[in-house]
Amino acid sequence: MSSTSNWISQAAFLENLEAESIEMLSTLKPGLFEKGSVLFRPGEAPKGFVMVLSGRIGVYLTGKSGREIMLYEVNSGETCVQTTIGILGGQYYSGEAIAETDVVGVIVPLPMFSQLMADSSAFRFFVFRAFGNRLSEITHLLEQVAFVTIERRLCDTLIQRAQSDGVVPLTHQELSAIIGSAREVISRRLEILREQGLVELDRGKITIINRAGLARLLSI
């Protein structure tokens, strides 16, 4: 962001706010969170309401076994449901948030957040709409883990995450967290896809060489 005065005009998701709310938020300065930064950890209390202006944050849950699962991502124009729950319900974080790219965001201090929630119907609508959308995504994740095979989830993730050249810039560990399975299981499934001539495996990345073949596996 070039200045503190123009970030709201670039945040289309806030375009319906009242003039008083815009004036209040315009006093805040966007901050940069570099790739790899940890924004919060389990057991911490929210310090403010985060709105992402650019970049991507991954929110992960780690089990007692040490296995991770990605609960959701927070992209440009979105907020974090764990933060919303923490602020509204007085809860501590149960997950960990990591900046997967450089992230520019604004943190609304708790007193300002409370005032906006009390005085601005447009801000309340923004918060609760984002909250509802995120809960729908988490419900979808639970359905995927419970009812969709690992093979189909893997193929779908590879297709969704592939760049224009077919490269999926994810490690086996990162894939396992996104899909919600053990790294060893994902590695075995990837090896099967390689043997079928659908992907190539290199250190730190996977390359799709037969996208149509992967897509056909989604219909099985």
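Because the structure is a prediction, the values reported are computed rather than measured.
- In this structure, CD on E174 lies 9.5 Å from CD on E68, to the nearest 0.5 angstrom.
- A side-chain donor-acceptor contact under 3.5 Å links D102 to the backbone of K35.
- Here the CZ-CD distance, from R183 to Q173, works out to 6.5 Å after rounding to the nearest 0.5 Å.
- Residues I107 and G48 share a closest heavy-atom pair of CG2-CA, 3.8 Å.
- Tracing side-chain contacts under 4.5 Å through hydrophobic residues (I, L, V, M, F, W, Y), one reaches I138 starting from F131; they form part of the same cluster.
- Atom CD1 of I150 is separated from atom CZ of R188 by 9.0 Å, given to the nearest 0.5 angstrom.
- At least one side-chain heavy atom of P109 sits less than 4.5 Å from a side-chain heavy atom of L28.
- In plain terms, the two heavy atoms of C155 and L217 that are nearest each other are SG-CD1, 3.7 Å.
- Ring geometry for F126 against F13 counts as parallel: the plane angle stays under 30°, on a 0 to 90° scale with 60° as the upper cut.
- Hydrophobic clustering places V74 together with L135 (ILVMFWY residues linked when any side-chain heavy atoms are closer than 4.5 Å, directly or through intermediates).
- Counting heavy atoms from C-beta outward, T27 and M112 have side chains that approach closer than 4.5 Å.
- The aromatic rings of Y93 and F40 lie parallel to each other, their planes meeting at an angle below 30°, with 60° marking the opposite boundary.
- A side-chain donor-acceptor contact under 3.5 Å links Q82 and S94.
- Considering only heavy atoms from C-beta on, V52 stays 4.5 Å or farther from E78 through its side chain.
- The shortest side-chain heavy-atom distance between L116 and L25 falls under the 4.5 Å cut-off.
- Put simply, the side chain of S136 gets close to the backbone of G132: a donor and an acceptor are under 3.5 Å apart.
- Tracing side-chain contacts under 4.5 Å through hydrophobic residues (I, L, V, M, F, W, Y), one never reaches L170 starting from I192; they form parts of separate clusters.
- Not a single donor-acceptor pair under 3.5 Å links the side chain of T207 to the backbone N or O of V167.
- By the 6.0 Å contact criterion, CD on Q196 is enclosed, its count of non-hydrogen atoms from other residues, nucleotides or ligands being greater than 12.
- Side-chain contact between E96 and V38: present, with at least one pair of heavy atoms (C-beta onward) separated by less than 4.5 Å.
- In this structure, the side chains of V185 and I179 stay at 4.5 Å or more apart for every pair of heavy atoms.
- F123 and F125 end up in different hydrophobic clusters when Ile, Leu, Val, Met, Phe, Trp and Tyr side chains are linked at under 4.5 Å.
- Between R134 and C80 the shortest side-chain heavy-atom distance does not fall below 4.5 Å.
- To the nearest 0.5 Å, the span separating CG on L88 from OG1 on T83 amounts to 10.5 Å.
- Hydrophobic cluster membership differs between L201 and I209, with clusters built from Ile, Leu, Val, Met, Phe, Trp and Tyr side chains linked at under 4.5 angstrom.
- Of the possible donor and acceptor atoms, one in the side chain of R152 sits under 3.5 Å from a partner among the backbone N and O of L218.
- With values rounded to the nearest 0.5 angstrom, S176 atom OG is found 6.5 Å from I186 atom CD1.
- Annotation: E143, atom CD; neighbour count of heavy atoms from other residues, nucleotides and ligands within 6.0 Å is above 12.
- Although no hydrogens or angles enter the test, the distance criterion places a donor-acceptor pair under 3.5 Å between the side chain of R124 and the main chain of M117.
- Side-chain contact between L17 and I8 is absent, with no heavy atoms from C-beta onward closer than 4.5 Å.
- In this structure, a donor-acceptor pair under 3.5 Å is absent between the side chains of S37 and E34.
- For the residue pair G105 and F33, the shortest heavy atom distance occurs at N-CE1, 4.3 Å.
- Atoms NE2 and OG, from H172 and S181 in turn, are 13.0 Å apart once rounded to the nearest 0.5 Å.
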> Where do V199 and V168 land on the side-chain contact (heavy atoms from CB on, under 4.5 Å) test, with the steps shown first?
Replying inline: CA-CA 10 Å; V199 301; V168 182; over 6 Å; no
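- For the residue pair P46 and I87, the shortest heavy atom distance occurs at CB-CG1, 3.9 Å.
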